[in-house]
There are 2 protein chains.
Amino acid sequence: MTVNLRPSEALHLWHSAMLGLVRSEAPDLTLRQLSLLLHIYLVPPPHTVRGLAATLGVTKPVVTRALDSMGALGLVRRIRDDRDRRNVIIQRTVGGALYLEKLGDIIIKEGRELAL
Amino acid sequence: MTVNLRPSEALHLWHSAMLGLVRSEAPDLTLRQLSLLLHIYLVPPPHTVRGLAATLGVTKPVVTRALDSMGALGLVRRIRDDRDRRNVIIQRTVGGALYLEKLGDIIIKEGRELAL
DNA sequence: ATGGATTGTTTCGCTACCGTATCATTACTA
DNA sequence: TAGTAATGATACGGTAGCGAAACAATCCAT
């Protein structure tokens with residue numbers, strides 16, 4: 001696990017990766033949506049609206065709207081929590097996994113070309 | 001220059017950094033705006049609207065609008081090219097440099113905590 | 001000098017996001 | 001069984017983004 005970045009290198013890595021992301025076909029999410037998606041897929045469940053809102057430091061409607069949009073894109077899925085039917089559990093989907101896989105590819109691809 | 005990332009590590013790094021960015025006070029730019037800002041500051045000038053649009057693979061109005069917004073935030077500045085007055089040259093500002101410096105700090109800070 | 005090409009901007013109609021406030025549903029508690 | 005608390009969703013007015021098309025200013029070639 002070598003994450004030895006100096007500020008300038010970190011920015012260059014981000015630059016290439018974001019450029020790759022923007023240029024890609026992938027539907028362009030907002031920073032908040034992307035952040036949310038990464039959190040849902042990289043942090044162990046369960047994820048609730050309230051929990052996600054607290055994690056990102058945003059209001060609940062922001063999370064609800066983001067889930068609407070990303071749900072329509074097939075990147076996440078909502079289900080009711082049966083043990084406490086006030087809760088909504090956010091689940092991963094195949095589409096979301098593919099999206100993140102593609103993102104990971106972009107990052108390492110650009111990072112590699114950067115190192116040359 | 002150690003940018004040796006495997007896909008999963010790359011995503012985790014992005015996750016923490018983006019979380020830090022979203023939670024930060026910094027005005028939240030769109031992916032395209034952030035990408036544009038990074039490009040302007042990390043790639044040698046001169047930068048023109050047309051050139052930036054081609055680099056990002058977006059239309060010119062997207063760049064014009066992004067420059068409007070980021071200009072209002074003091075992150076970039078426009079001047080006319082005197083040698084060909086059709087061109088607009090995009091210049092860096094102190095505010096933009098500070099913004100990116102802060103972003104770099106967030107990335108390496110989160111990356112370091114990730115490595116523990 | 002005039003016609004065409006090129007640059008960046010603006011306009012149009014539309015969609016999506018924002019924060020605040022309110023709402024409906026469900027759970028808990030006295 | 002009320003009454004309160006908590007969860008997620010919705011309504012509202014406003015802002016800002018989008019692509020496509022039209023635009024003004026400038027350059028250049030003839």
Side-chain angles (χ1 to χ4, degrees), chain A residues 18-19 21-40 45-91 99, chain B residues 18-19 21-40 45-91 99:
Chain A
M18 292 211 53
L19 218 51
L21 181 57
V22 168
R23 301 184 67 137
S24 78
E25 299 297 328
D28 46 270
L29 308 176
T30 66
L31 278 178
R32 289 170 169 192
Q33 287 169 347
L34 188 51
S35 189
L36 210 41
L37 191 66
L38 283 162
H39 192 80
I40 292 166
H47 300 291
T48 65
V49 172
R50 178 167 182 74
L52 292 171
T55 301
L56 268 75
V58 299
T59 60
K60 287 191 293 177
V62 167
V63 176
T64 295
R65 280 188 296 255
L67 294 178
D68 287 343
S69 310
M70 297 195 296
L73 292 171
L75 302 178
V76 294
R77 178 174 37 215
R78 273 185 266 219
I79 62 165
R80 278 278 157 198
D81 182 356
D82 274 329
R83 298 196 300 186
D84 182 343
R85 300 187 48 77
R86 288 173 302 182
N87 289 333
V88 160
I89 306 294
I90 290 88
Q91 291 189 324
Y99 186 100
Chain B
M18 292 210 52
L19 218 53
L21 181 57
V22 169
R23 302 183 66 138
S24 77
E25 299 297 329
D28 45 270
L29 308 176
T30 67
L31 278 178
R32 290 170 168 192
Q33 288 169 347
L34 189 50
S35 188
L36 211 39
L37 192 64
L38 283 162
H39 192 81
I40 292 167
H47 300 291
T48 66
V49 172
R50 177 168 184 74
L52 292 170
T55 301
L56 268 74
V58 299
T59 60
K60 287 189 297 177
V62 167
V63 176
T64 295
R65 279 188 296 255
L67 294 178
D68 287 344
S69 309
M70 296 195 296
L73 292 171
L75 303 178
V76 295
R77 178 175 38 214
R78 273 186 267 219
I79 61 163
R80 277 281 158 195
D81 181 356
D82 274 330
R83 298 194 301 183
D84 182 343
R85 299 188 50 76
R86 289 173 301 181
N87 289 332
V88 160
I89 305 294
I90 290 88
Q91 291 189 324
Y99 186 100

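Letters A, B, ... are given to chains in the order of the sequence lines, protein chains preceding strands, and every chain is numbered from 1.
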Check your understanding: B:Ile90 and B:Ile40: which non-hydrogen atoms are nearest, and at how many Å?
Key ->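 Heavy-atom minimum between the residues: CG2-CD1, 3.6 Å.
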Practice item. Heavy atoms only: give me the nearest B:Arg85-B:Arg80 pair and the separation to one decimal. Key: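 Distance-wise, the nearest heavy atoms are O-NH1, 2.8 Å.
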Taking only residues two or more places apart in sequence, or in another chain, which ones meet [X] in a side-chain hydrogen bond (donor to acceptor under 3.5 Å, both in side chains)?
{"X": "B:Asp68", "result": "B:Arg78"}
{"X": "A:Arg77", "result": "none"}
{"X": "A:Arg23", "result": "none"}
{"X": "A:Arg50", "result": "none"}

Check your understanding: Between the main-chain N or O of A:Leu21 and the side-chain N or O of A:Ser24, is there a donor-acceptor pair closer than 3.5 Å?
Key ->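 Yes; at least one donor-acceptor contact below 3.5 Å.
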Rounded to the nearest angstrom, tell me the gap between atom [atom1] in [X] and atom [atom2] in [N].
{"X": "A:Asp81", "N": "C:dC28", "atom1": "CG", "atom2": "C1'", "answer": "16 Å"}
{"X": "A:Asp82", "N": "C:dT26", "atom1": "CG", "atom2": "C1'", "answer": "13 Å"}
{"X": "B:His47", "N": "C:dT7", "atom1": "NE2", "atom2": "P", "answer": "17 Å"}

So which protein nitrogen or oxygen atoms get under 3.5 Å of nucleotides 8-17 of chain C's nitrogens or oxygens?
unit_1: C:dG8; atom_1: OP1; unit_2: B:Val49; atom_2: N; d: 3.2
unit_1: C:dG8; atom_1: OP2; unit_2: B:Arg50; atom_2: N; d: 2.8
unit_1: C:dG8; atom_1: N7; unit_2: B:Lys60; atom_2: NZ; d: 2.5
unit_1: C:dT9; atom_1: OP1; unit_2: B:Arg78; atom_2: NH1; d: 2.8
unit_1: C:dT9; atom_1: OP2; unit_2: B:Thr64; atom_2: OG1; d: 2.9
unit_1: C:dT9; atom_1: OP2; unit_2: B:Arg78; atom_2: NH1; d: 3.2
unit_1: C:dC17; atom_1: OP1; unit_2: A:Gln33; atom_2: NE2; d: 2.7
unit_1: C:dC17; atom_1: OP1; unit_2: A:Ser69; atom_2: OG; d: 3.1
unit_1: C:dC17; atom_1: OP2; unit_2: A:Ser69; atom_2: OG; d: 3.2

**Study point:** Spacing of A:Leu67 atom CG and A:His47 atom NE2 [to the nearest 0.5 Å]
**Key:**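 That separation rounds to 11.0 Å.
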Point to revise | First and last nucleotide of DNA chain D, 5' to 3', lying under 4.0 Å from heavy atoms of chain B | key: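 Here the contact window of chain B covers D:dG17 to D:dC27.
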